[in-house]
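Only one structure is covered here, and it is reproduced in the block below.
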Amino acid sequence: MDKTGLLVIGVNLLIYAAYFTGVFLFSEQGITAAIRSFSLRKRLKPNDRGFLLDSGPLAYLNRLLFAVFQKEVNGAAFFFGIVMVFFIAFVLGIRLFHPGTALFAALMAASLPVMALVVRMESDRTKGSREGISFVSELYRQYRINNKNIYAAMEGTAASTGDFPVCKRHLYRLLLRLRSSGDPDEIKEYTDQFSFAMGTVWGHMLAVCIRMAARSGTDVSAGLADISEQLKAANARAEERRRMNSESIRMTLFLIPLLYAGTVLLSVFYLDVAPGEYLRNQFGTAEGILFFLFIVFLLLLNLVILRAVSNTKIDY
């Protein structure tokens, strides 16, 4: 592909990006209202919570964004961005590939942001699970010290010097949200978000304990003590599993980028391919772009699978 073709693709990309960004900026409220209207049409029916907002993809995306960024992020805007990436990638790909190949490449391109967020969330979940013993023990200690006041216990745990930064961050955010509202439904929503961010069975049980104590002042000492004891037993089992599965993660995370860098060096220094020609072949041809996108996609997919399977959380 010559320079003129690359320039045309670049200009088209900028035009499509500017167009869809403008459409979203002018229509954000209308798009959000339409999604809510569609998902809440049958809200009056028992147990019908709406597929998009309450229990479907958009709800998962909102929880995922909050777990990663620790603040409210517009899930509808992020979803619109993913759709825009898919459409732009498909329009550009149709100029280079067969329609089926262009669709596949567009799906891979659109999935990359979500996969990156999932990798980040799973990494935080794994770190947080390893902090469980010290975190729950400190929360239980603060709960007893503060006369079984869950809010004071959470504040004391968040302000403590304990070595559990991930859990402390999630707990502090939960405390701020709980103190901003006393509505039972909102308390359940906030504790469910905390449970989702922790991603463990003990995190779910801890969220239930916090919800019961915050809503009705129920004594949850026995629940906190039981979680702490279960975590001590689970920690011993997790240590052995972690030693067995650490090698595969290191190979995926470091070996694949190193192998790709090695192929670049071999092409330049041993096959006498000029750097400019290599870049043109890699990013200026249909085959080169497709294979590079496929490498990145498989790398992220492997990281997601390894985080979910190999790097086992400390749980019970």
Side-chain angles (χ1 to χ4, degrees), residues 1-25 61 64-65 68-69 73 77-123 247-308:
M1 181 180 294
D2 55 14
K3 293 183 179 180
T4 303
L6 291 175
L7 182 61
V8 170
I9 292 177
V11 171
N12 287 334
L13 179 63
L14 290 176
I15 291 174
Y16 282 120
Y19 174 76
F20 285 105
T21 301
V23 169
F24 177 75
L25 291 177
L61 194 57
L64 176 63
L65 291 169
V68 172
F69 297 109
V73 179
F78 188 83
F79 180 76
F80 181 83
I82 293 175
V83 173
M84 188 173 68
V85 169
F86 169 81
F87 185 75
I88 293 175
F90 180 75
V91 171
L92 295 177
I94 204 71
R95 298 170 177 263
L96 302 173
F97 313 126
H98 183 273
T101 306
L103 178 63
F104 179 68
L107 287 172
M108 286 195 299
S111 67
L112 292 179
V114 178
M115 292 176 64
L117 290 176
V118 172
V119 169
R120 171 67 185 277
M121 182 182 68
E122 289 299 327
S123 177
E247 290 296 329
S248 58
I249 294 177
R250 285 197 292 268
M251 289 178 62
T252 302
L253 191 58
F254 297 108
L255 186 59
I256 293 178
L258 287 176
L259 286 175
Y260 180 78
T263 60
V264 175
L265 295 176
L266 287 174
S267 299
V268 172
F269 291 104
Y270 290 94
L271 300 180
D272 295 327
V273 178
E277 183 181 356
Y278 180 87
L279 291 176
R280 283 193 298 271
N281 291 334
Q282 180 71 83
F283 301 106
T285 63
E287 296 80 3
I289 294 175
L290 182 62
F291 276 106
F292 182 79
L293 186 61
F294 195 65
I295 290 172
V296 176
F297 177 80
L298 288 181
L299 174 62
L300 290 176
L301 181 62
N302 275 280
L303 288 175
V304 170
I305 294 173
L306 287 172
R307 289 295 182 185

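Scope of the values below: all heavy atoms of this structure, side chains included, with no hydrogens, waters or symmetry mates.
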- Leu293 side chain reached by Phe297 side chain, heavy atoms, under 4.5 Å: no

- Message: Does atom CZ (Phe291) have a neighbourhood of more than 12 heavy atoms from anything else shown, all under 6.0 Å?
- Response: no

- Message: I want to check something: taking the side chain as every heavy atom from C-beta on, are Tyr278 and Thr263 in contact at a cut-off of under 4.5 Å?
- Response: yes

- Query: Which pair of heavy atoms, one from Ala89 and one from Ala109, lies closest together, and at what distance?
  - Reply: CB-CB, 4.1 Å

- Query: Atom CE in Met108, atom CG in Leu298: separation rounded to 0.5 Å?
  - Reply: 8.0 Å

- Task: To the nearest 0.5 Å, tell me how far Leu265 CG sits from Leu271 CG.
- Result: 11.5 Å

- Query: Does some side-chain heavy atom of Leu117 sit less than 4.5 Å from a side-chain heavy atom of Phe78?
  - Reply: yes

- Scanning both residues in full, the closest heavy-atom pair of Pro113 with Ala110 reads CD-O, 3.3 Å

- Item | Non-hydrogen atoms of Ala102 and Ile94 that approach each other most closely | CB-N, 3.7 Å

- Query: Is there a side-chain contact between Phe294 and Phe104, using heavy atoms and a 4.5 Å cut-off?
  - Reply: yes

- Task: With rounding to the nearest 0.5 Å, note down the distance linking CD1 in Ile289 to CZ in Phe283.
- Result: 8.5 Å

- Out of Ile256, Leu112, Leu301, which one pairs with Val296 under the side chain to side chain contact (heavy atoms under 4.5 Å, CB included) rule? Leu112

- Task: Could you check Val85, Leu92, Val91 and say which one makes a side chain to side chain contact (heavy atoms under 4.5 Å, CB included) with Ile88?
- Result: Leu92

- Can you name the nearest heavy-atom pair linking Met115 to Leu300, along with the distance? CE-C, 3.3 Å

- Task: With side chain to side chain contact (heavy atoms under 4.5 Å, CB included) as the test, would you mind laying out the steps for Val273 and Val268 before giving the verdict?
- Result: CA-CA 5 Å; Val273 178; Val268 172; 5.5 Å; no

- Distance-only, no hydrogens or angles: does the Thr285 side chain make a donor-acceptor pair with backbone N or O of Asn281 under 3.5 Å? yes

